[in-house]
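Here is the structure we will look at, set down as structure tokens.
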Amino acid sequence: MKYVDDFRDPALIRQAAAEIRALADPSRRYRLMEVCGGHTHAIYRFALADLLPPNIELIHGPGCPVCVLPMGRLDDGLAVAEEHGAIFTTFGDVMRVPGRRGSPLERKSKGVDVRMVYSPLDALRIATREPDRHVIFFAIGFETTAPSTALTVLRARALGVTNFSVFCNHVTILPAVRAILESPDMRLDGFIGPGHVSTVIGCQPFSFVAREHRRPLVTSGFEPLDLLQAIVMILRQLRAGRADVENQYARVVPWDGNRAALRAIAEVFELRPYFEWRGLGFISQSALQIRDAYAGWDTERRFVVPGVRVADPKAAQCGEVLKGVLKPHECKLFGCECTPERPIGALMVSSEGACAAHYNYARRQESRREPVAVTLADTAAT
Amino acid sequence: MCLAIPGQIVERSPDHPDLATVEVSRVRRVINVALLADEPLQPGDWVLIHVGFAMSLISEDAAREQLRLLAMLGEDEEAMRELDGLPATSADTP
């Protein structure tokens, strides 16, 4: 309960925690998955598991876009940039992601023209300022960032900028959730639905989770109280034998999403037949590619892409952790061979990955508890 | 990339209907508001910004909560760096 007094509305937090304890049937276990990497970060940062009874377990899902990006895609993007002397642009989150021949940051030090951008429009701006160079925007993210990439492609076409292309790695969250639900070792009781992704797609597309798989899904905000309230809402459904999609984050997430954003995505992108996810393998119709009408701004059609595949190391058990079969520290490589400094598996790559979050926060919490115990013992002795 | 940064609209430009000037913690930046074309955005409104694009219209209370949340998550400095990376005037945007 260390953080509770720092939170907004500590009384409401305690009330929500008490309600969770009252709703949870002590004779059963609850495994709830938060789909979004931002939620994973918040859950660890605020040590929310400490507020839950021991029979409620939070499983950290596939919603960290950097984590699920196959290493081969990064190698491909960098190889094209290097071969054609192009400028490789991407978000800061990608800069330290290891590729087989180094991260974008390391490749920059070896002479590849790698530049970090805060918006895809920055990449387009570089292309307009340096018309003699080709600029690749290495696009990554779920539905939260896909509309921005789509609008940037539309802008490039409107301006007639031809020295700009997008290496598209956008993925969509629904097929990943479906893949987890259809996995033979699936053992989840409910879902905390993503916040920012849902501002784009809305809550309605998650209805298959409730209808076909009979699991509750509650879209949640990122504050401690939001997440606890979402858990209350899931437990109420489970107790009543209901499975519905509900929206705890209605102050930001419209039920039907953002129509302009969905129109932009639909105009520029179509579904790929299949795409590889680190830790989950190939999932059909789970990623976006650029439509024929915009092929001129598609790196993969402007240039020959090597098509590198880098298999996840067999010893890394990312898939089991993603599906909640194993906890992060139960993986054989956790904290030894696989650390945030030298990640081997997908979930150690970004601070929003389950294993990196566990490594950064859960371990620190352990060390924080010890000095407290010493202080208490000292007090008792004096 | 996954950060949602709250900003207050301070200026709309009739010449650039897709752009707006926002202010966050006294820093002014130009963002793209095309994804909120369906909303009648006015100066004074608060929006959540992802990678330079306003994605949702939110209340002032929700914006203040989000700023506080970013600080609690230790992501406020990253958010300000991200904001600094955006253009300061609409002339800089392609």
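Side chains included, hydrogens not; waters and symmetry mates left out as well; all remaining heavy atoms used.
A donor-acceptor contact shorter than 3.5 Å is absent between the side chain of B:Asp38 and the backbone of A:Arg259. With A:Asn258 contributing its side chain and B:Leu36 its backbone, the two residues share no donor-acceptor pair below 3.5 Å. With hydrogens and angles disregarded, a donor-acceptor distance shorter than 3.5 Å links the side chain of A:Arg45 to the backbone of B:Met72.
Atom CG of A:Leu154 and atom CG of B:Asp18 lie 10.5 Å apart (nearest 0.5 Å).
Proximity to chain B (any heavy atom under 4.5 Å) is shown, for A:Leu262, by neither the backbone nor the side chain. With a 4.5 Å cut-off on non-hydrogen atoms, A:Tyr249 touches chain B through its side chain but not through its backbone. Heavy atoms of B:Leu48 lying under 4.5 Å from chain A belong exclusively to its side chain. Proximity to chain B (any heavy atom under 4.5 Å) is shown, for A:Phe222, by both the backbone and the side chain. In this structure, the portion of A:Pro65 lying under 4.5 Å from any heavy atom of chain B is its side chain and not its backbone. Proximity to chain A is limited to the side chain of B:Glu75, based on heavy atoms less than 4.5 angstrom apart. Of the two parts of B:Ser56, only the side chain, counted from C-beta on, holds a non-hydrogen atom closer than 4.5 Å to a non-hydrogen atom of chain A. Residue contact with chain B, scored on non-hydrogen atoms closer than 4.5 Å, involves the backbone and the side chain of A:Ser148 alike. Both the backbone and the side chain of A:Arg125 come within less than 4.5 Å of a heavy atom in chain B. Proximity to chain B is absent for every atom of A:Val161, based on heavy atoms less than 4.5 angstrom apart.
Partner of A:Leu121 under the side chain to side chain contact (heavy atoms under 4.5 Å, CB included) criterion, chosen from B:Leu86, B:Asn32, B:Ile31: B:Asn32.
Note on B:Arg68 versus A:Glu223: no salt bridge recorded, every NZ/NE/NH1/NH2 to OD/OE distance being 4.0 Å or above.
Put simply, the side chain of B:Pro87 does not reach to within 4.5 Å of the side chain of A:Ser119, judged on heavy atoms.
Across all non-hydrogen atoms, the minimal contact from B:Gly85 to A:Tyr118 is CA-CD1, 3.3 Å.
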